[in-house]
*Asks:* 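I'd like to ask some things about the structure below.
In each ligand, atom 1 is the first atom listed, and ligand 1 is the first ligand listed.
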Amino acid sequence: MIALSLHHVSRTFAQNPRPAVDDLSLDLPAGQILALVGPSGCGKTTTLRLIAGLECPDRGKIFINGRLMASSLVFVPPERRGVGMVFQDHALFPHLTVFDNVAFGLRGKPRTQVRQTVHAMLEMVGLQALAGRYPHALSGGERQRVALARALAPRPVLVLMDEPFSSLDADMRLEMREQVRGILKEMGATVVFVTHDQEEALFMGDRLAVFREGRMEQLGTPEEIFHASTSRFVAEFMGDSDFLPGSVVHEGIHTPLGVIAQPLSLPAGTPVEIALRADDVDFVPDGQNGNAVIVERFFRGAFHVYRLRLESGEVLHAFKEHTLVLPAGMRVRARISAEHPLIVFPKRA
Ligand SMILES: Nc1ncnc2c1ncn2[C@@H]1O[C@H](COP(=O)(O)OP(=O)(O)OP(=O)(O)O)[C@@H](O)[C@H]1O
């Protein structure tokens, strides 16, 4: 079943002639987590606000569980859309305990049902012991879990999350990602999750929608987005890619690192660019016949990233195990070590 459907939705703000959201269409099946990702100002939050009913589209239609929520004739207010929201700042009620914060969305339900539901939610997020505490006496991660329990308690059709972990420190953010994803999956929740962080989107999303300037540039599974980017923008934004120039030859692609045997349906001689990530490139020290020089080494804990300058002038990055420490200035022989098809784009004019 499709839980959320957007049909050609657009929204332009008065002060800004460029649409914040431009002709957006997508379907989200029930039980899936969709991560909206893209650089600052690309329209992620506006999309979420349109779905929530905090903004009205200029054009297009929004359906939740098959019900028309917004169009040129219809506008269902946020409180009647059946959505739960979790924002960056948690927005808990400071004068209410954890229990009462979670119970907030269950007003009007019988007392015993409220108690049972709140306890079940607090158990799920691991906070039963803190039911009587006030928000100021919680850690950032605990507050975030209360906010999640509060959003999930009324069993919303759709959960909307806007940068929910961005106010947490790096360690806590990683921990919360895993916990929250587990909870959402356990609940079978349908979720739209906004983040500007590529890694977070790849981790959280069953599917990703990559945004650029109000438009959806690509929609796909994390693997599709990462390994089969359909545009240079997506390859660049999602994966710190370098771009190696080449040209199409009969056997594959001719590059400064030799011929890559990857057939392309482009005429021989076509100039192309190959997206390469640090795990696609390998090198060995080679003072005699090297084709590159180490420019810099970056320590990343379990591994190093080396920046290499090829004889032809291009810069590529390559991973190496942390036990191998090689100095800047060393001549090396670099090669493409990827064992998967590479992403290739016709070269931009
Ligand atoms: N209320 C508003 N009035 C005028 N312009 C707005 C309004 N809200 C958003 N915009 C503009 O619409 C565009 C999209 O903004 P939006 O907040 O949706 O982007 P975003 O992808 O969520 O960015 P960020 O990651 O920085 O939060 C931006 O150019 C922004 O300046």
Side-chain angles (χ1 to χ4, degrees), residues 4-26 28 33-62 64 69-70 72 75 77-78 81 83-91 140 144 147-148 151 158-170 172-174 176-177 180 190-205 207-220 222 225-226 229-240:
L4 170 71
S5 193
L6 305 186
H7 292 209
H8 302 287
V9 171
S10 295
R11 174 75 168 115
T12 303
F13 292 105
Q15 306 90 320
N16 191 346
R18 220 190 56 213
V21 174
D22 192 1
D23 196 25
L24 176 63
S25 296
L26 62 84
L28 177 60
I33 302 176
L34 174 70
L36 306 186
V37 64
S40 181
C42 67
K44 307 178 294 289
T45 296
T46 305
T47 302
L48 210 67
R49 290 173 59 81
L50 286 163
I51 298 166
L54 301 169
E55 293 285 348
C56 192
D58 305 323
R59 253 172 311 176
K61 292 181 181 163
I62 300 174
I64 295 178
M69 296 289 162
S72 54
F75 185 77
R81 292 197 179 193
V83 298
M85 288 181 250
V86 183
F87 294 109
Q88 176 179 341
D89 54 7
H90 324 311
Q144 194 52 269
L148 183 67
L158 190 61
V159 181
L160 305 177
M161 305 180 83
D162 194 356
E163 303 267 4
F165 310 135
S166 59
S167 62
L168 306 176
D169 65 39
M172 177 66 85
R173 202 178 313 155
L174 291 183
M176 285 301 290
R177 263 185 214 172
V180 168
T190 312
V191 184
V192 183
F193 183 99
V194 162
T195 178
H196 66 277
D197 180 329
Q198 300 87 329
E199 206 191 306
E200 187 161 286
L202 291 168
F203 182 85
M204 289 299 293
R207 282 193 306 161
L208 270 64
V210 184
F211 275 56
R212 179 192 194 184
E213 296 181 354
R215 299 186 76 97
M216 191 167 64
E217 184 98 355
Q218 188 173 353
L219 176 69
I225 297 286
F226 198 77
S229 311
T230 52
S231 70
R232 183 176 159 136
F233 170 81
V234 174
E236 236 164 355
F237 181 72
M238 291 306 297
D240 293 331

*Asks:* Taking all non-hydrogen atoms of both residues into account, name the closest pair between Leu54 and Pro78 and its distance.
*Replies:*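 That would be CD2-CG, 4.0 Å.
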
*Asks:* Write out the protein residues near ligand 1, meaning a non-hydrogen atom under 4.0 Å from one of its atoms, in order of chain and number.
*Replies:*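 Within 4.0 Å of ligand 1, protein side: Phe13, Gln15, Asn16, Ala20, Pro39, Ser40, Gly41, Cys42, Gly43, Lys44, Thr45, Thr46.
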
*Asks:* Minimum heavy-atom separation for Glu217 to Phe233, with atom names?
*Replies:*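 Residues Glu217 and Phe233, closest heavy atoms: OE2-CB, 3.7 Å.
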
*Asks:* Less than 4.0 angstrom from a charged side-chain N to a carboxylate O is my criterion; do Asp22 and Arg212 meet it?
*Replies:*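 Salt bridge flag = no for Arg212 with Asp22.
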
*Asks:* What do you reckon, is CG of Asp240 surrounded by more than 12 foreign heavy atoms closer than 6.0 Å?
*Replies:*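 Counting other residues, nucleotides and ligands, CG of Asp240 stays at 12 neighbours or fewer.
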
*Asks:* Hey, are the side chains of Ser10 and Asp23 touching, using non-hydrogen atoms and a 4.5 Å cut-off?
*Replies:*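 SC-SC contact between Ser10 and Asp23 confirmed.
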
*Asks:* Flag the pair Arg173 and Glu199 as a salt bridge only when some basic side-chain nitrogen lies within less than 4.0 angstrom of an acidic carboxylate oxygen.
*Replies:*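 Here Arg173 does not pair with Glu199 in a salt bridge, since their nearest N and O are not under 4.0 Å apart.
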
